[in-house]
Every structure is written in C-alpha cells, then in structure tokens.
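Fair warning: this is a prediction, and the values are worked out from it, not measured in the lab.
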Amino acid sequence: MFGSVVVGVGIAGCVRIRDLLAPLPSSAAEKLAIKGFVSRRSLEDQQGVKQISIKEALSREDIQAAFICTENKNHEEHIRQFLEAGKHVCVEYPMTLSYTSAVELWNLAQQKGLVLHEEHIELFTPDFKQLKKDIAGKTLEEGTLHFTGGSMKPDFGFLAFSGIARLTWLVDLFGELTVTAASLEEEKENKYMKMMAHFLTQQQKPLTWIEERGPGLGRAKHINLRFQDCTITELPAGQREPVGLFMQDLVLFGRKLQGEVPAAALQMERKRILHCLELAERIRQLSENTQA
C-alpha cells in the first residue's frame, strides 16, 4: 500500500479525496490509502479525512505519495518538496509554469527513483478518444482549435500554461509541433484575454490554437479540422464510460507506482509533456515580444 496525502482541497482535491476513499475495485487505485490532507486554511475533516501540516506530510514514513491540487503557481514548490522528501508525486496540469523547472523536477524524480505523474484527464474524455479514432489514418491539411471560458485568476499563469490541456490535445493528435507565431490581446479592466498561437506540424501543415477567456464566455471547444477527404467541425459525442476521468488517472498513477507501465510508454509520455511545456514557453516569449 502507498499512504497518500492530498495537498489543496479545491474542486480537484475534493475529487481526489473521494476517489482515494472509494477506489475502483480490483484496480491499481486500491493500492493507495489516504492518510490526510494539507491546506493553507484550518479546516474541519474533509469526507472524514483529517487535516495535517505540510511538515507532517513530508516527514511521515507512512506517507509515500502526494497529490498536488493547489494553484498552478504553487505546483513547482510543492513537487520539489515532496520529491526531496522521497515521496512519489501526482500533480494536476500544468506541472510547472516553466519548461526549465519541469526538466529539473523530472531529473530529480529520476535520480531518486520516484514517480512524477502529471494528470491529463482531457485525454480520457469520450469526445477526445472518439476524435482520435475518427481521424486515424487521415492526412491533415489545416486545423483550428478555439477554446473559450471564464476569466482567469492571476495565479493560474500565462494562458499557454493554464490551457495546456488544449495544447496536449493537438500534440497527441498531430505529433510534435513548431511554433511559428503567437500573440496576446488583453483588456485588464474587462478581465479579458485572447491568445493566438500558430504552429506547423512535422508535415508542414498549419495549425492554430486560440485560447479566449473573459466574463460571460461559455466553456466550449470549437474545432475546424480539414483533411484531404473531409472536414470535422464538431467534436464527436463519444461513448460515456462508467469510470470517471479522475479515477482513470488514479488507476494510471497506481499502475506506475507498481511498475506496471512499460518504460517505453513512460518515456513517450514524458517526451510529450515536456514538449508541450516547451511549446507553452515559446508561445509566452513570442506573445510578450508582440506586446512589448
């Protein structure tokens, strides 16, 4: 068994506690047992789980794994603390708000023989799985992914990092990308931001990612993917699965802890995650240059 602690009890943290208390039967998630949660605030028990201090979480020998569910800007510090204390880490995306620090943390995990897992539940959604099936074998000519959502809190980081789920979609669907241009439009008084990033695929086909956040904007993904033989303008429904997205991720983390995920798959995942963070870094640099 791997004793676990949840750090941060917002929406994701509460879901993590729920899933750890009732793991999927006969799955690797059953190997994780929650020992407490950590929060900046003094709180009552959460779902029957007691609050402990960060110091206690880092030092207790019966805690071997941490789930980091704090604000994006705090991910890096918490990952580093738990890795240095010899604990495995599962962190909500984005792992960090810097590509360089992500490489450092991954190297630290490797040196210590620990699992560092970045959650990407968007790859488990039925619509994404169906889209991936639908476009298998098709040749992309050009594409656009336009995401809209409510205003961002300042501690969530630059849009290319806070919205890295969309970037992960594109890389998982179309392979490694090259950023050719990026820009950011911002109206601070209206809490509105719009980022636009342009890419080329390895086949030199153009892809555009638009991330638009502001008051009253409904949370939605709009796609326009033109292939040689068809154009897809709506996400497919996909078949709803009985196992929740966070539980699927918990099972994957549990399988990694038990050494059940092949080394080649781990290497591919690491490569994809770091590539996305490197792209996000490049988008930020180019966007800042256009604003300067």
Side-chain angles (χ1 to χ4, degrees), residues 4-13 16 38-40 54 57-58 65-123 147 149 152-172 176-177 179 182 184 193 195 197 209 211 213 246 249-250 252-253 256-257 266-288:
S4 306
V5 63
V6 172
V7 184
V9 285
I11 295 170
R16 289 296 189 188
V38 173
S39 176
R40 289 190 306 266
I54 186 87
L58 291 165
F67 290 81
I68 310 299
C69 308
T70 55
E71 294 88 349
N72 295 350
K73 69 171 185 178
N74 297 325
H75 287 179
E76 181 183 344
E77 180 191 358
H78 284 133
I79 295 169
R80 197 180 300 278
Q81 283 179 311
F82 280 97
L83 289 178
E84 285 176 346
K87 318 287 189 190
H88 303 286
V89 173
C90 170
V91 62
E92 309 302 313
Y93 71 75
M95 179 185 297
T96 66
L97 299 177
S98 149
Y99 166 70
T100 308
S101 59
V103 173
E104 286 173 9
L105 292 172
W106 224 307
N107 289 340
L108 177 61
Q110 217 162 15
Q111 286 163 18
K112 289 185 168 281
L114 296 166
V115 171
L116 174 55
H117 170 78
E118 185 185 34
E119 162 269 309
H120 275 290
I121 57 170
E122 74 281 2
L123 300 182
F147 176 83
M152 290 297 298
K153 294 175 184 173
D155 49 11
F156 275 59
F158 184 75
L159 284 180
F161 285 93
S162 63
I164 207 158
R166 267 68 71 189
L167 189 49
T168 303
W169 258 47
L170 293 176
V171 169
D172 201 69
E176 293 194 358
L177 304 173
V179 185
L184 179 71
M193 300 173 88
M195 182 198 77
W209 170 32
E211 189 86 359
R213 310 290 303 234
F246 278 96
D249 182 69
L250 186 64
L252 176 57
F253 182 51
K256 287 181 181 180
L257 293 178
L266 293 172
Q267 184 57 33
M268 274 180 64
E269 185 184 60
R270 172 185 162 139
K271 189 178 178 187
R272 186 204 73 223
I273 289 170
L274 289 178
H275 177 60
C276 289
L277 287 166
E278 192 171 22
L279 291 174
E281 190 88 72
R282 183 66 182 138
I283 292 165
R284 176 167 61 189
Q285 290 168 355
L286 290 171
S287 298
E288 286 169 355

Query raised in the report: Quick one: OG1 on Thr100 to CG on Leu105, what's the gap to the nearest 0.5 Å?
Result: 11.0 Å
Requested in this report: Show the numbers, then the answer: is there a side chain to side chain contact (heavy atoms under 4.5 Å, CB included) between Val38 and Val6?
Outcome: CA-CA 6 Å; Val38 173; Val6 172; over 6 Å; no
Report summary line: Nearest heavy-atom contact between Ser98 and Ser101 is O-OG, 3.0 Å
**Report entry** Straight-line distance of Leu277 CG to Thr168 OG1, nearest 0.5 Å
**Finding:** 8.0 Å
Query raised in the report: Will you find, in the side chains of His120 and Asp249, an N or O donor that is under 3.5 Å from an N or O acceptor?
Result: no
Query raised in the report: Is any NZ, NE, NH1 or NH2 atom of the basic residue among Glu176 and Lys271 found under 4.0 Å from an Asp or Glu carboxylate oxygen of the other?
Result: yes
Report task. Measure the spacing between CG of Leu266 and NE2 of His117 and express it to the nearest 0.5 Å. Result -> 10.5 Å
Query raised in the report: Closest approach of Ala182 and Ser287, non-hydrogen atoms and distance?
Result: CB-OG, 3.7 Å
**Report entry** Check: Tyr93 ring centroid to Phe161 ring centroid under 6.0 Å
**Finding:** no
Query raised in the report: Is any side-chain heavy atom of Phe253 less than 4.5 Å from a side-chain heavy atom of Val115?
Result: yes
Report task. Would you mind reporting whether Thr70 and His78 have side-chain heavy atoms less than 4.5 Å apart? Result -> yes
Requested in this report: Please tell me if the side chains of Pro94 and Asn72 come closer than 4.5 Å, counting only heavy atoms from C-beta onward.
Outcome: yes
Query raised in the report: What's the spacing between Glu288 CD and Phe158 CZ if we round to 0.5 Å?
Result: 6.5 Å
**Report entry** Arg166 to Phe147, cation-pi by 6.0 Å centre distance and 45° axis angle
**Finding:** yes
Report task. Decide side chain to side chain donor-acceptor pair (under 3.5 Å) for Arg270 and Gln110; before the verdict, give the C-alpha distance in whole Å, the side-chain angles of both, and the deciding distance to 0.1 Å. Result -> CA-CA 11 Å; Arg270 172 185 162 139; Gln110 217 162 15; 3.1 Å; yes
Query raised in the report: At their closest point, which heavy atom of Ser162 faces which heavy atom of Gly157, and how far apart are they?
Result: OG-O, 4.0 Å
Query raised in the report: Please, which pairs that meet side chain to side chain donor-acceptor pair (under 3.5 Å) have at least one residue in residues 276-286, sequence neighbours excluded?
Result: Glu281-Arg284, Arg282-Gln285
Query raised in the report: Quick one: CG on Leu83 to CD on Gln111, what's the gap to the nearest 0.5 Å?
Result: 10.0 Å
**Report entry** Test applied, side chain to side chain donor-acceptor pair (under 3.5 Å); reference residue, Arg80; option that passes from Glu77, Glu76, Glu84
**Finding:** Glu76
Query - Gap between atom CD of Glu122 and atom CH2 of Trp169 - 0.5 Å precision - result: 9.0 Å
**Report entry** Heavy-atom pair of closest approach, residues Arg16 and Phe246
**Finding:** NH1-O, 3.5 Å
Query raised in the report: Which is it for Phe67 and Val7 under the side chain to side chain contact (heavy atoms under 4.5 Å, CB included) test, yes or no, and what are the steps along the way?
Result: CA-CA 6 Å; Phe67 290 81; Val7 184; over 6 Å; no
Requested in this report: Go through the steps for Leu97 and His75 under the test side chain to side chain contact (heavy atoms under 4.5 Å, CB included), then give the verdict.
Outcome: CA-CA 8 Å; Leu97 299 177; His75 287 179; over 6 Å; no
Query - Stepwise side chain to side chain contact (heavy atoms under 4.5 Å, CB included) check, Glu119 with Val91 - result: CA-CA 6 Å; Glu119 162 269 309; Val91 62; over 6 Å; no
**Report entry** Any residue meeting ring-ring contact (aromatic ring centres under 6.0 Å, His included) with Trp209, in chain and number order, not counting sequence neighbours
**Finding:** none
Query raised in the report: Any idea which heavy atoms bring Ala280 and Leu167 closest together, and the distance?
Result: N-CD2, 4.0 Å
Requested in this report: Give a yes or no on whether a salt bridge exists between Lys256 and Glu269, defined as a side-chain N under 4.0 angstrom from a carboxylate O.
Outcome: yes
Report task. Determine whether Tyr99 and Leu274 make a side-chain contact, defined as any pair of heavy atoms from C-beta on separated by less than 4.5 Å. Result -> yes
Report task. For the residue pair Leu177 and Leu279, establish whether any side-chain heavy-atom pair is separated by less than 4.5 Å. Result -> yes
Report task. Answer whether the closest heavy-atom distance between the side chains of Ile68 and Glu92 falls below 4.5 Å. Result -> no
Query raised in the report: Within a strict 4.5 Å, meaning less than it, do heavy atoms of the Val179 and Leu286 side chains meet?
Result: yes
Query raised in the report: Is there side-chain contact between Lys73 and Lys153, with at least one heavy-atom pair below 4.5 Å?
Result: no
Requested in this report: Grab the two heavy atoms, one from Gly8 and one from Cys69, that are nearest each other, plus how far apart they are.
Outcome: O-CB, 3.7 Å
